[in-house]
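Only a predicted model underlies this, so the values are computations on that prediction, with no experimental measurement involved. In the text below, chain A, chain B and the rest are named by the order of the sequence lines, each starting its count at 1.
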Amino acid sequence: MNIRRAAAGASIAALLPFAGTALAQTAAQSTPSNEELKREIDEQKQKLLILERKLENSQDAAAAAAATAPRITINASRFQIGSNDNSNFIRFRGTLFADNRAYAGDSAPETADTFLLRSVRPTFEGTFANIYDFRFTPDFGSGRSIIVDAYAAARFKPGFVVTVGKFKPSVGLERLASEPDLRFMERGLPTFLVPNRDLGLQLSGDFAGGAFSYQVGYFNGVTDGQSSDNLATPDVESDTGGDYAARVFLHPFINSDNFNLRGLGFGIGSTYQDLDGAATNPYLPSYRSQGQLSVFSYRANTATGTTPNNATFSNGERLRLAPQLYYYRGSFGFLGEYTTVKQDVSRTVAGATRSDTLTNSAWQGQFSYFLTGEDESYRGFTPQSTFQPGKPGTGAWELVARIQELDVDDAAFVGGANSFANPLTAITKETAWGVGVNWYPWNTVKLSLNYDVTSFEGGAATGDRADEQAIFSRFAINY
Amino acid sequence: MKQPNWQRRLLIALSTSVFIGGVGSAAQAAEVTLLNVSYDPTRELYVDFNKSFAEYWKKKTGDTVKINQSHGGSGRQARSVIDGLSADVVTLALAADVDAIANNGKLLPVNWEERLPDHSAPYTSTIVFLVRKGNPKNIKDWGDLVKPGVGVITPNPKTSGGARWNYLAAWAWAKKQPGGSDATAREFVKALYKNVPVLDTGARGSTTTFAQRGIGDVAISWENEAWLATKELGPDKFEIVIPSVSILAEPSVAVVDKVVLRRGTRAVAEEYLKYLYTPEGQEIAARNYYRPRNPQVAAKHAELFPKIDLVTIKDFGGWTKAQKEHFGDGGVFDQIQAQ
């Protein structure tokens, strides 16, 4: 046992010097020189720089990709897909007006009281290359399926825009306002005298930052207040004359420092058509009350058998003139327009033809005021607050008032049984006043209540047609 | 008397056409804008050149011309033009990218090279090395670029025209070595790209990587870009090394017919490119370190442009063949990157 221990001790003692040398060598190897350390640091530094640069390149690539990536916008007021710079996009919009119409007293038959979908209009529109626009809007409201707007426009310059298709000829001021921006549920009486939608071509533009704008167009031509979808063959011209339309509008103070006058705009619109109608195709309008009931029309055919058609018909020139004005300052707004239409008409009774030039006219003054402080505008606005139960905010509240009149030329009723219009059924004048309140709980939702009272001259066997008291209400979604 | 309906409509259509035409013509007469879509390192060249051309055009026609510039990797720029970027003229790094616009985009005829002298390449350049001051890795020729521990900076040939010239110059050198063949060249290029830590998308990005971010030991660079980096960032920081073999890089220029037709800018666009060939245009090119075609201007700046053994794209069978074989999808570059 002792011998073995002694042998082991001797062996260890003999190995110690070698072990010491090996350890010393290992220690020398594991202690890098300054050169090696510097190289190691440089290599690590390079690796770090490379990683940083790769990250930088990745971020640049991501930013470049984001700059060209399509942009999709879906929010409470818009559904849009477009290019990143917004020069190309397509957008889906829509309006839905659910109305109730009620009439007080004996002014209208009970059957006139109704619920109706006044307007159901999806709109698909877009822009290409930031120059070319298109719009397609059908309407499924009031039990019809029609194309309201279908046009393409090229905005070559602010002062030179070409529009082709079916759209609103630029004449009446309130007619040109878009449906969601109307202050009353139904447009006023002057709108009955100007074209609604028509097919044609229009050149338009703005100059001096919008201080001056013009529109010049050539259209198929429609009767007062009508659209080309009301033609015998919808949206296809059936007469021989075209309608020339022109309008100029000025905002002389739009760029002024005088904010009291910035919201002033005025202008005049006009159309001219030389058109030969016929008793079988009269091309003459009928007019309604503010409560949307028919109150005036020219005489229709009453002949029977082989007796020639004795309806009144257009027979020559039709000239519309529509001076117009609006003024907006802060929460207050005013819109006024006067429209007159001079129309050549004829009627043949028992082989004798009577002709005359009739002048019908209408005017309105419309006032609006936001109780909640929003700025009034001819175009849209955004409520300062939204209404959500249990949370602060009332939405926007607006009061509106309007006076207006439509006057049919007295000459239309001259001639007794041979007159152009029947005084026992057609009114010669209507005068109306109305008030209303609009609530915009959300910028896409609007609730309206209108009360309109209309007095008439003529239009009844006993003299004057009874006053009309119309109470209209609407739930509208404008997306 | 009432005018027949069709006559009135015809009159309106004609009036409208005349009005549109009149407005278009009036707009052109007043002020013209051109878009020059170019590759990465030409920013300074065309800032200089555009100013000179605008003065020339004003003097010649009385019209004002404003030239907008767009720069990026040459391949990527060509892609943008094909995708709809309204370039009146393209001044790209190589003919293959203009060919792509002609063949894939159908925006100009395939014989575009024949429309201007020197097959539409008004100036040339070549490929050199940019190294750090003192050349610490002792880089003298292409062979030094594949040594272990040498960091090589060059952009991605898939997106950069300059990178394709770099690649082909390296290939040409390897093939010229004793026993050189396509196989040895391929192995050499493969080894070279193993030493590339960052593949930028364009030549200017690579210059930034090397000169400003301090990455790598050598940047394979356009000659003009190397001169510019040396001048702008300091001759005390970099040196230019001329390899024994390089390639004649011929940046190409062309009018984009479909765009100038649509925009009514053909006359000014054509004149813009022709002006590159004038003594003034050639002087501007030389001043920006591009090798001028004009012998007198070239002689004047001879000290900037040493003589090198240069191969040309013809040695690779032309750009169509080289593009497909080396840089097309599944080509040699893709193969060596995958390995």
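- More than 12 heavy atoms of other residues, nucleotides or ligands sit less than 6.0 Å from atom CD of B:E232.
- Among all heavy-atom pairs drawn from B:G214 and A:L49, the shortest one is O-CD1, 3.8 Å.
- For the atom pair CD1 of A:I50 and CD1 of B:I153, the computed distance is 7.0 Å after rounding to the nearest 0.5 Å.
- In this structure, the portion of A:E56 lying under 4.5 Å from any heavy atom of chain B is its side chain and not its backbone.
- Around OH of A:Y132, the count of heavy atoms belonging to other residues, nucleotides or ligands within 6.0 Å does not exceed 12.
- Taking a 6.0 Å sphere around CZ of B:R76, one finds it holds 12 or fewer heavy atoms contributed by other residues, nucleotides or ligands.
- The side-chain heavy atoms of A:R53 and B:T208, taken from C-beta on, include a pair separated by under 4.5 Å.
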- Message: Working note: B:D200 + A:N57, criterion side chain to side chain contact (heavy atoms under 4.5 Å, CB included); need CA distance, chi angles, decisive distance, verdict.
- Response: CA-CA 7 Å; B:D200 289 284; A:N57 282 349; 2.7 Å; yes

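- With hydrogens and angles ignored, the 3.5 Å screen pairs no side-chain donor or acceptor of A:K54 with any backbone N or O of B:L199.
- Remark: B:K133 NZ is packed, more than 12 non-hydrogen atoms of other residues, nucleotides or ligands lying under 6.0 Å away.
- Counting non-hydrogen atoms of neighbouring residues, nucleotides and ligands closer than 6.0 angstrom, the CD1 atom of A:I147 reaches no more than 12 such neighbours.
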